[in-house]
Amino acid sequence: MANLNLKSVKKTYDKTEVIHGVDLNINSGEFIVFVGPSGCGKSTLLRMIAGLEDITEGEISIGGEVVNKIIAAERGVAMVFQSYALYPHMTVFDNMSFALKQAKTPIDEIKSRVLEAAKILQIESLFERLPKQLSGGQRQRVAIGRAIVRNPKVFLFDEPLSNLDAALRVQTRIEIAKLHNQLTATMVYVTHDQVEAMTLADRIVVINQGIIEQVGTPIELYNSPRNQFVAEFIGSPKMNIIDLKDGHKLNLINLKAPSETTKLGIRPEHLSLSSDDSCKLKGTVRHIENLGEHLLCYINLNKNDEIVAKLDVNSKIKINENIRLEWHHNHQHFFNSSGVSID
């Protein structure tokens, strides 16, 4: 394992800059997750680290060595792709051992390293199968195993779970977390799924339109988002953002907001029903989703604004009912007109 440092890294395609001077220091053994919407530049950044994309400006170093001019195969990184990228005509064993054979590794060492990786991933029984004979989850474990046998300085994962069904995504996510703990390896993981980011990461890097919006632990980003973009992206369902300029929706007497506040943020799980007529928020229930452990209630504040409340499953509410909501002041977030947090 090794540390990974990005200094003023930029990427330009046909005079259009898509990565805008990224600076990031990743410690040896950290699990870092790049998260952001589709097209934000997170996969491009990962591919530049891997050496699959050239850097337009800046510097990338791995283990203290600048790798800008070093080809992908010699950077000491191993990448796991969304599409698995297995050789269809090769058995599982041959897929996992291919890079070692190319490197002229002794056959006894190849067998030992492949078997060790297979035991970690519980795929020893699949050695003689072809990729077409495997399930999606098995293919992904083979792809991860192929990365493990190379004993890289840094593991790179590019949305590795996006082709799996929901149940298998959860299972494989847990396996990847266990793998990190077992290998104590440096891992950089790209996803657009903020639940994956929250559950896997030591630190999350939130990327938007080629810039880093915020870096921090999952709980730091959840509790203290730097701006409205991070606030809405981290958390599921996303944070409710209420425009305070429509003051008729709120009892502003009870809301102690900084003078420059234009928007109020409250997470769905921090809202609760209130019987108090002087509560801060009133609305009409338009839709209810019963998820077994809780209700997701979609509430209209007026014709244009809708919020979501995550309420107790035993809450006695009905569609078209007018309800009152309250929240603790520790769970409110304020933003100025530029979307910057002013908590």
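Applying the salt bridge (charged side-chain N to carboxylate O under 4.0 Å, His left out) test to Lys119 and every residue at least two apart in sequence or in another chain returns nothing. By the salt bridge (charged side-chain N to carboxylate O under 4.0 Å, His left out) test, Lys7 pairs with no residue at all, sequence neighbours left out. Listed by chain and number, the residues in a ring pair (Phe, Tyr, Trp, His ring centres under 6.0 Å) with Phe335 amount to none (sequence neighbours excluded). By the salt bridge (charged side-chain N to carboxylate O under 4.0 Å, His left out) test, Glu109 is found to be paired with Arg113, residues two or more places apart in sequence or in another chain being considered.
A distance-only check finds a donor-acceptor pair linking the side chain of Ser135 to the backbone of Gln138 [under 3.5 Å]. Put simply, the side chain of Arg129 never gets that close to the backbone of Thr91: no donor and acceptor are under 3.5 Å apart. Put simply, the side chain of Arg267 never gets that close to the backbone of Gln332: no donor and acceptor are under 3.5 Å apart. Side-chain atoms of Asn227 do not come within 3.5 Å of backbone N or O of Gly339 as any donor-acceptor pair.
Evaluated for a side-chain contact (heavy atoms from CB on, under 4.5 Å) with His333, the options Pro225, Ser224, Ser341 yield exactly one hit, Pro225.
Sequence neighbours left out, the pairs with a member in residues 197-208 that pass side-chain hydrogen bond (donor to acceptor under 3.5 Å, both in side chains) are Glu30-Arg203, Arg173-Thr199, Asn208-Glu213. Residues in residues 42-63 take part in these side-chain hydrogen bond (donor to acceptor under 3.5 Å, both in side chains) pairs, two or more places apart or across chains: Tyr13-Glu53, Ser43-Asp158.
Between the SG atom in Cys297 and the CG atom in Leu273 there is a gap of 7.5 Å [rounded to 0.5 Å].
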